[in-house]
Amino acid sequence: MKLITHNMLESRVKDCPDDKRFPLGINATKVIEQKVVLNKQFIINILTKIDWEVLLEAIKQIGYNEKIELPLEIPVEIEKDDDLIMKIHHALLEIEIIEGELICQGTGRKFTIKEGIANMLLNSEELK
Amino acid sequence: MFSRFSPILNHINQKDFQFVYEPSEDSFLLCEGIEKNINFIKEEIKPTICLEIGTGTGFVTCFVNKLFEENKVSCFYITTDINHKAAKIANETFKLNCVEPKETIITDLIEGFESRLKNSIDLLLFNPPYVPTDPSEKIGIDPLDQNSLLSSSWAGGKNGMEVTQIVLDKLDFLLSPNGCCFIVALEENQPEIIAKNLFFKGFRTAVVKKKEIEDEKLYILKIYRK
Ligand SMILES: C[S@@+](CC[C@H](N)C(=O)[O-])C[C@H]1O[C@@H](n2cnc3c(N)ncnc32)[C@H](O)[C@@H]1O
């Protein structure tokens, strides 16, 4: 599971208070890095949908904050900063959580990530 | 189906198709419908996020990725399936066919994504379980019943619309301003009624492909904002 996806997922557990649904905590036991072709325009487009603070926190949670240094805020002139775009590309798309779990911050419910695939299925009692 | 965009599926054994939907005429027709609309997609939609619900083997998203690459369209491919075996096979299909950037998630339709993807999906693809089934037959997956993995790929409940309708009801919330949805429907799903209902919610529906196979009449519907 990529960090871009983590930035889009929330907990749908019935008992979770609404303000705790997003973001999910991450406990990663196996993380790999893998090359993905850079598309600058895609990164610029997707940045409008990314919660930057959540991305920074996710990088920290998987222990990559020393490997990937990102600024605290997205610079206004991001388009001219190819170096930063490359870093964001790397953080969002090239890091894969292979094994681990996502944790609902409101209920502690864990969603497993196995072979790179997160399982968000809830049982009927957990559903709204 | 022979197309230069068809993915390699060598990693899948015949016995996997006991648990995962094998790409069939409906899958192929959906691909053809999307291919026919490549200029529309490229010029009008310019997709950033492409979401396929119920990806099965991943055939359709793979096809779309190859078609898009040739047409210099690049987006993030999100796929979901309620069947964990399908999700695993799809992920392998994507790896084998170099589909990137992609994500596969096991979930019910798009549960977990909704709020954050509000008005963000540029392309939504769904070949749903569309076969009308008796109310006594369960739709969806029963964790205790292996057979439900495959039956959930076709069992559609009343008019075959029970699963599809949930997605159609969310379209306004999910689709981006230029976003578009391609779905498979059967004659029994009553495409005219689908179109009429969507019209009142602000959408146009076009039949982009139609095919009769044995006793099934398949439609590919393209749904977009008026
Ligand atoms: C007709 S098959 C299509 C498979 C593949 N997209 C294709 O075209 O070959 C329907 C797929 O939807 C999945 N499905 C059924 N109900 C679902 C649900 N509630 N959420 C997610 N996927 C679902 C099934 O597991 C199956 O893979």
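When reading the values below, keep in mind they use all heavy atoms of this one structure, side chains included, and skip hydrogens, waters and symmetry mates. Note on naming: letters A, B, ... go to the chains in the order of the sequence lines (proteins, then strands), and numbering restarts at 1 for each one.
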How long is the span from the [atom1] atom in [X] to the [atom2] atom in [Y], to the nearest 0.5 Å?
X         : Y         : atom1 : atom2 : value
Ile110(B) : Arg12(A)  : CD1   : CZ    : 10.0 Å
Met120(A) : Ile82(B)  : CE    : CD1   : 13.5 Å
Ile105(B) : Leu102(A) : CD1   : CG    : 7.5 Å
Glu111(B) : Leu9(A)   : CD    : CG    : 11.0 Å
Arg21(A)  : Glu114(B) : CZ    : CD    : 11.0 Å
Thr80(B)  : Ile117(A) : OG1   : CD1   : 12.0 Å

ask   = What's the shortest heavy-atom distance between Gly116(A) and Glu103(B), and which atoms?
value =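 Looks like O-OE2, 3.9 Å.
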
Select one option (side chain, backbone, both, neither) describing which atoms of [X] are under 4.5 Å from chain A's heavy atoms.
X         : value
Leu117(B) : side chain
Asn91(B)  : side chain
Cys75(B)  : backbone
Ile78(B)  : side chain

Name the region of [X], side chain, backbone, both or neither, that has any atom closer than 4.5 Å to a heavy atom of chain B.
X         : value
Asp51(A)  : both
Phe111(A) : neither
Asn119(A) : both
Ile50(A)  : backbone
Leu122(A) : side chain
Glu94(A)  : neither
Gln41(A)  : neither

Do other residues, nucleotides or ligands put more than 12 heavy atoms under 6.0 Å from the [atom1] atom of [X]?
X         : atom1 : result
Lys110(A) : NZ    : no
Lys49(A)  : NZ    : yes
Lys226(B) : NZ    : yes
Lys40(A)  : NZ    : yes
Lys42(B)  : NZ    : yes
Lys118(B) : NZ    : no
Lys60(A)  : NZ    : no
Gln34(A)  : CD    : yes

task = Begin with the C-alpha distance, continue with both residues' side-chain angles, and end with the deciding distance and a verdict on salt bridge (Lys or Arg N to Asp or Glu O under 4.0 Å) for Lys88(B) and Glu115(A).
result = CA-CA 8 Å; Lys88(B) 193 172 161 198; Glu115(A) 297 178 59; 3.7 Å; yes

query = Under the 3.5 angstrom rule, does the side chain of Arg116(B) hit a backbone N or O of Glu10(A) as a donor-acceptor pair?
reply =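 Not at all, since once roles are kept as given, no pair shorter than 3.5 Å links the two residues.
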
query = Would you call Lys2(A) and Glu100(B) a salt bridge, using N to O less than 4.0 angstrom?
reply =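 A salt bridge is present here (some side-chain N lies under 4.0 Å from a carboxylate O).
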
Is the closest side-chain heavy-atom distance between [X] and [Y] below 4.5 Å?
X         : Y        : result
Met8(A)   : Phe76(B) : yes
Leu121(A) : His84(B) : no
Pro101(B) : His89(A) : no

request  = For chain B, find which of Ile46(A), Ile4(A), Asn45(A) contributes the most heavy-atom pairs closer than 4.5 angstrom.
outcome  =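 Of Ile46(A), Ile4(A), Asn45(A), Ile4(A) has the most heavy-atom pairs under 4.5 Å with chain B.
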
